[in-house]
Amino acid sequence: MNIRKPLIAGNWKMFKTCSEAVETAKLLVTRIADVTDVDVMIAPAFIALAQVADIAKGSNLSIGAQNIFWEKEGAFTGEISPQMLVSTGCRYVIIGHSERRQFFGDTNETVNKKINAAIQADLIPVLCVGESEQERESNETFSVLDKQLTKGLKGFGLEEPKKLIIAYEPVWAIGTGKTATDDQAQEVHHFLRTLLEKQFGDSFAKAVRILYGGSVKPNNISTLMAKSDIDGALVGGASLDAEIFSKIVHF
Ligand code: 13P
């Protein structure tokens, strides 16, 4: 029996104004009202978090942020603290997305600080890991993932598997229409679970959810979800439309 409840999460990235976010969130709440066997989360831009969280209140839709800063408060122009995120009604936070690593200087070390800050604030971090096309071609996939996961989670004595989400997002599959095959994804998910077992023990590793991300669409979600170590998806482009995202949630 799979003890892990699937999680389908939408990363809206830098899309949607406040009114567009509100409109999509309202539609989504109605479309997924019947869903009980899958957890659903969307991560709008910071500016829309509070409004979208208000819409989601009392529904089965949870809200996440796309980034976090690790200090509680201070002179850090342009940054958002864990406590600020909590005050919007946010429960999850995506950390270490490849776009942040690529364009905004996130490293395994800053990712580690962000995860620590999220955990302290009782937010659920969604730690993103993934290799580039070049790293896959030069057979570095597993060593890159090992570093990202181990360094990202270094120093934590986590006990509650529900309070951590891992997302495997091969960089070459993001926004490209190229999905990792279900076997490729399963191989990596299994590897990640083995690493988690080493650090946190068998029962923790068995209960942690590992999501797949990279060109997930209504037509490929069920094949991915049929794999034993794939516990959900982190969806980019296909999460922007409530109708399409709801089809993925109803995989
Ligand atoms: P796409 O689904 O658009 O490929 O994006 C995946 C992603 O980066 C989610 O975080």
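One-based numbering, in listed order, for ligands and for the atoms of each.
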Quiz item: Got more than 12 heavy atoms from elsewhere within 6.0 Å of CD, Glu79?
Solution: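 Result for CD/Glu79: enclosed.
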Quiz item: For atom CD of Glu20, is the number of surrounding heavy atoms from other residues, nucleotides or ligands below 6.0 Å larger than 12?
Solution: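 Yes - once you tally the heavy atoms of other residues, nucleotides and ligands closer than 6.0 Å, there are more than 12.
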Quiz item: Does ligand 1 have a heavy atom under 4.0 Å from the side chain of Asn11, from its backbone, from both, or from neither?
Solution: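 The part of Asn11 near ligand 1 is the side chain, not the backbone.
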Quiz item: Which part of Ala173 is near ligand 1, with near meaning a heavy atom under 4.0 Å away: side chain, backbone, both or neither?
Solution: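 For Ala173, the contact with ligand 1 is made by the backbone alone.
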Polar contact flag for [X] and ligand 1 (N/O pairs, less than 3.5 Å):
X	result
His97	yes
Glu169	yes
Ser215	yes
Ala238	no

Quiz item: Should the ring pair His189 and Tyr168 be called parallel, tilted or perpendicular, given that the plane angle runs from 0 to 90° and is split at 30 and 60?
Solution: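 His189 and Tyr168: perpendicular rings.
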Quiz item: Parallel, tilted or perpendicular: which describes the rings of Phe142 and Phe191, with under 30° parallel and over 60° perpendicular?
Solution: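 Perpendicular, since the angle between the ring planes exceeds 60°.
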Quiz item: If hydrogens are left out, which of Pro170, Gly236, Ser239 has an atom nearest to atom 6 (C) of ligand 1, that is, the closest non-hydrogen atom?
Solution: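 Nearest option to atom 6 (C) of ligand 1, by heavy atoms: Gly236.
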[X]: numbered ligand 1 atoms lying under 4.0 Å from its heavy atoms:
X	result
Ile174	4 (O), 5 (O), 6 (C), 8 (O)
Leu234	9 (C), 10 (O)
Gly214	4 (O), 6 (C)

Quiz item: Would Lys227 and Asp183 pass as an ion pair if we require N to O under 4.0 Å?
Solution: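 Result for this pair is yes, salt bridge flagged.
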Quiz item: Could Arg193 and Asp231 be called an ion pair, given the rule that one side-chain N must be under 4.0 Å from one carboxylate O?
Solution: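 Yes.
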Practice problem: Could you state whether Phe245 and Ile174 fall into the same hydrophobic cluster, counting links through intermediate Ile, Leu, Val, Met, Phe, Trp or Tyr residues with side-chain heavy atoms under 4.5 angstrom apart? | Solution: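 No; Ile174 is not reachable from Phe245 via cluster members.
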[X] near ligand 1 by a heavy-atom separation under 4.0 Å:
X	answer
Gly175	yes
Lys217	no
Ala167	no

Quiz item: Val249 versus Leu28: any side-chain heavy-atom pair under 4.5 Å?
Solution: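 Val249 vs Leu28: side chains apart.
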Exercise. Would you indicate whether the side-chain heavy atoms of Trp12 and Thr24 approach each other to under 4.5 Å?
Key: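 Of all side-chain heavy-atom pairs linking Trp12 with Thr24, at least one is under 4.5 Å.
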Quiz prompt | For atom 3 (O) of ligand 1, the protein heavy atom that lies nearest, with its residue and separation | solution =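 Closest protein heavy atom to atom 3 (O) of ligand 1: Gly237 N, 2.9 Å.
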